[in-house]
Amino acid sequence: MKAQAFRRAEKVTNKSSYRIIYEQGVRRSSRFFTVILCGNSMGVRRLGITVTKKTGKAVFRNRLKRLIREFFRRNKDLFPAGHDVVVMTRKNIPPLTYSEAARELTELFSRKTGR
RNA sequence: GGAGAAGAUCAGAUGAUCGCGGGCGGAUUUUUAUCCGCCGGAGGAAAGUCCGAGCUCCACAGGGCAGGAUGGUCGCUAACGGCGACUGGGGGCAACCCUAAGGAAAGUGCCACAGAAAAUAUACCGCCCCGCAUUUGCGAGGUAAGGGUGAAAUGGCGAGGUAAGAGCUCACCGCUUUUCCGGCGACGGAAAAGGCAUGGUAAACCCCAUCCGGAGCAAGACCAAAUAGGAGAACGUUUAAGGGCGGCCCGCCUGAUGUUCUCGGGUAGCGUCGCUUGAGGCGGCAGGCAACUGCCGUCCCAGAUGAAUGAUCAUCGUUGCGCCGAGGGUAACCGAAGCGCAAAACAGAACUCGGCUUACGAUCUUCUCUCGCG
RNA sequence: GGUCCCAUCGUCUAGCGGUUAGGACGCUGGCCUCUCACGCCGGUAACCGGGGUUCGAAUCCCCGUGGGACUA
């Protein structure tokens with residue numbers, strides 16, 4: 001079993017799940033991202049990404065989604081087990097490199113676990 | 001060297017590590033799922049959704065009105081509002097570029113302000129003549145050359161002519177009509193006659209010619225079990241509105257309701273199909289000025305669905321700047337190799353094609369003008 | 001993904017080929033009042049961008065830009 005893989009089971013895929021997470025989850029924001037955390041009954045940590053059209057053009061949106069997926073894949077230990085996590089992007093994000101995005105997200109999650 | 005014009009090509013490459021989605025083959029207990037191997041995985045615009053088609057459903061896609069689109073000619077094409085060649089007009093010194101480019105003597109409308117007058121014409125300042133007065137002035141008439149207004153003023157310019165003038169007459173140019181020649185045609189050229197008639201605006205209504213039925217893959221088709229709505233057939237009742245059908249009319253299809261019998265499928269479900277072999281790409285030959293077409297060979301080249309094609313590192317290559325500087329040159333200057341730093345645009349398939357438009361980084365080829373030197 | 005609509009002062013709007021681009025709210029100067037409010041007089045400030053048609057464009061046509069709506 002590959003340790004850093006990102007499978008379909010680890011992805012939030014349907015609309016009803018998203019609705020539950022939006023309604024019941026706990027929110028936490030940084031400068032560029034908003035994270036919503038919510039427990040699930042499957043015992044797997046799952047990732048969902050929401051990038052609206054207000055964030056930018058299609059190329060930029062795709063890049064943000066890839067960066068967030070990459071971060072999840074490499075830093076699964078930061079994410080609490082058995083929880084769904086939805087990462088939303090906020091407005092007016094400058095072009096980011098992977099290291100910048102990773103620093104921002106690491107800070108966000110370490111703050112959360114410290115509480 | 002500088003300023004331009006036209007066209008073509010590419011869209012950094014290779015490797016390593018960790019990943020993503022698809023196809024084929026195999027394995028783990030069958031599907032789901034997981035693992036292994038192999039194969040391939042964004043664009044010239046994938047974008048805007050501005051046109052045209054295929055495909056699917058709505059009757060078989062029908063008729064009329066309304067509405068919309070196009071508008072030089074000839075061709076190309078499945079089709080087009082696209083493309084090619086040619087013609088007319090406009091711009092540029094030029095290479096070359098732009099062009100909604102039918103009809104204003106079918107009709108209607110509009111042309112502000114200014115100006116006498118903005119389209120049946122007409123006369124402000126003028127000019128000329130006659131009568132009265134006789135120093136300017138007043139009245140009647142002729143005229144449209146000149147002035148003034150305007151975006152635009154009733155052919156232009158010269159000569160004759162006249163009281164002054166006027167296509168009133170004449171030459172040239174323009175215009176209209178007719179004839180001839182060239183061209184498939186748009187149109188071009190020539191001659192003769194007319195004697196100026198016909199201001200502009202159709203991206204104003206409109207007329208003429210040609211074309212268009214409507215919706216869109218969220219179209220549409222299918223699926224295990226369970227329950228009601230529902231569907232079909234027969235019979236009875238009611239005879240008349242409703243629905244399919246995009247605006248309206250016609251036309252076509254379907255009646256409505258009750259009872260009995262028979263049938264079975266609506267659904268946001270990590271569903272299935274549609275879903276990628278196509279007016280396809282590449283190469284060659286032939287036809288054509290070209291757009292394009294025909295024949296032969298060869299290749300299979302993304303199919304996701306909270307939506308894959310990525311991240312990091314290394315090396316090499318490209319470009320720019322700086323340092324150094326072999327070498328060339330009388331000089332200004334041009335500069336190979338090397339080192340360092342920096343940059344690499346616009347942008348992400350969503351049923352599929354053909355165009356158009358817009359965004360944008362380079363490189364190369366051909367051509368034009370100009371400056372300097374020889 | 002698809003189908004449509006809109007854009008005028010800071011805000012809400014009128015305008016349908018010739019306007020000094022009008023009005024209301026706002027902001028602001030003055031008058032009134034012992035002062036404030038109300039009222040009266042005045043000022044401020046706009047046609048989303050670029051081409052074209054026309055003598056003339058906010059208006060007509062084309063291409064962009066930015067917003068919004070509907071559709072499972």
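Quantities reported herein were computed from a predicted structural model and do not represent experimental measurements. Throughout, protein chains are lettered first and strands after them, A, B, ... in sequence-line order, and every chain is numbered starting at 1.
- Between the NZ atom of K65(A) and the C1' atom of G19(B) there is a distance of 17 Å, rounded to whole Å.
- When Watson-Crick and G-U wobble pairs are counted only if both distances are under 3.5 Å, A231(B) pairs with U262(B).
- Here the separation of C80(B) from U108(B), taken at their C1' atoms, is 35 Å to the nearest Å.
- A syn base is found at A42(B): its glycosidic angle is within 90° of 0.
- Straight-line distance from the CG atom of D84(A) to the C1' atom of G306(B): 13 Å, rounded to whole Å.
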I would like to know whether M88(A) and F33(A) meet side-chain contact (heavy atoms from CB on, under 4.5 Å); could you show each step before the answer?
-> CA-CA 6 Å; M88(A) 297 173 78; F33(A) 306 105; over 6 Å; no

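- Among A349(B), G306(B), A347(B), the nucleotide with an atom closest to any side-chain atom of K11(A) is G306(B).
- Distance noted for atom C1' between A159(B) and G199(B): 29 Å (whole Å).
- Side chain of E10(A) to main chain of R45(A): no donor-acceptor pair is present (N/O by atom type, distance under 3.5 Å, no hydrogens or angles).
- Residue L37(A) forms a side-chain contact (heavy atoms from CB on, under 4.5 Å) with just one option from I21(A), D84(A), V86(A), V85(A), and that option is V85(A).
- No donor-acceptor pair under 3.5 Å is formed between the side chain of T55(A) and the backbone N or O of V51(A).
- Here the P atom of nucleotide G19(B) and the CZ atom of F72(A) are 14 Å apart, to the nearest Å.
- The gap from the P atom of A215(B) to that of A59(B) amounts to 16 Å, rounded to the nearest Å.
- Only the P atoms considered, G317(B) is 12 Å distant from G340(B), to the nearest whole Å.
- Ring geometry for F109(A) versus F79(A): interplanar angle of 30 to 60°, hence tilted.
- Pairing partner, U198(B): none, since no Watson-Crick or wobble contact has both distances short of 3.5 Å.
- For the C1' atom pair drawn from A202(B) and C208(B), the interatomic distance equals 13 Å after rounding to whole Å.
- As a whole-Å value, the separation of K57(A) NZ from C346(B) P is 10 Å.
- Judged by Watson-Crick or G-U wobble contacts below 3.5 Å, the nucleotide G185(B) has no partner.
- Note: CD1 (I68(A)) to C1' (G19(B)) measures 16 Å, nearest angstrom.
- Across all strands shown, G325(B) forms no Watson-Crick or G-U wobble pair with both distances under 3.5 Å.
- Closest to the side chain of R69(A), out of C20(B), G348(B), A308(B), is A308(B).
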Test side-chain contact (heavy atoms from CB on, under 4.5 Å) applied to R28(A) and V26(A), step by step = CA-CA 7 Å; R28(A) 200 100 178 98; V26(A) 181; over 6 Å; no

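- Looking at E100(A) and R103(A), no side-chain N of the basic residue comes within less than 4.0 Å of a carboxylate O on the acidic one, giving no salt bridge.
- Separation of the P atoms belonging to C223(B) and G264(B) is 12 Å when rounded to the nearest angstrom.
- Taking 90° from 0 as the syn/anti boundary, the base of G137(B) is oriented anti.
- Using C1' as the reference atom, G18(C) and G23(C) are 22 Å apart when rounded to the nearest Å.
- Base pairing of C346(B) is made with G43(B), judged by Watson-Crick or G-U wobble geometry with both donor-acceptor distances under 3.5 Å.
- N62(A) has its CG atom 8 Å from the P atom of A349(B), to the nearest Å.
- Using Watson-Crick or G-U wobble geometry with both donor-acceptor distances under 3.5 Å, A116(B) finds no partner in any strand shown.
- Glycosidic conformation of U135(B): anti, with the torsion beyond 90° of 0.
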Pair F6(A)-R74(A), side-chain contact (heavy atoms from CB on, under 4.5 Å): steps then yes or no | CA-CA 9 Å; F6(A) 180 49; R74(A) 293 202 176 190; over 6 Å; no

Check the pair L105(A), F72(A) against side-chain contact (heavy atoms from CB on, under 4.5 Å), reporting the backbone distance first and the verdict last.
-> CA-CA 10 Å; L105(A) 285 165; F72(A) 174 80; over 6 Å; no

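- Look at CZ on F71(A): it is 16 Å from C1' on C18(B), rounded to the nearest Å.
- Base orientation of U19(C): syn (glycosidic angle within 90° of 0).
- As the counterpart of A204(B), U108(B) is assigned, both hydrogen-bonding distances of the Watson-Crick or G-U wobble pattern falling under 3.5 Å.
- Base pairing analysis places A94(B) opposite nothing; no Watson-Crick or G-U wobble pair with both distances below 3.5 Å involves it.
- When distances run from any side-chain atom of K53(A) to the nucleotides G306(B), G1(C), C20(B), the shortest one goes to G1(C).
- Remark: the backbone N or O of V12(A) is not paired with any side-chain donor or acceptor of R46(A) at under 3.5 angstrom.
- The distance between atom CG of L64(A) and atom P of G348(B), rounded to the nearest whole Å, is 14 Å.
- To the nearest whole angstrom, the two C1' atoms, one in U272(B) and one in U31(B), are 15 Å apart.
- Syn is the glycosidic conformation of U276(B), whose angle stays within 90° of 0.
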Do any N or O atoms of the protein come closer than 3.5 Å to N or O atoms of nucleotides 311-313 of chain B, and which pairs are they?
unit_1: A311(B); atom_1: OP1; unit_2: R63(A); atom_2: NH1; d: 2.6

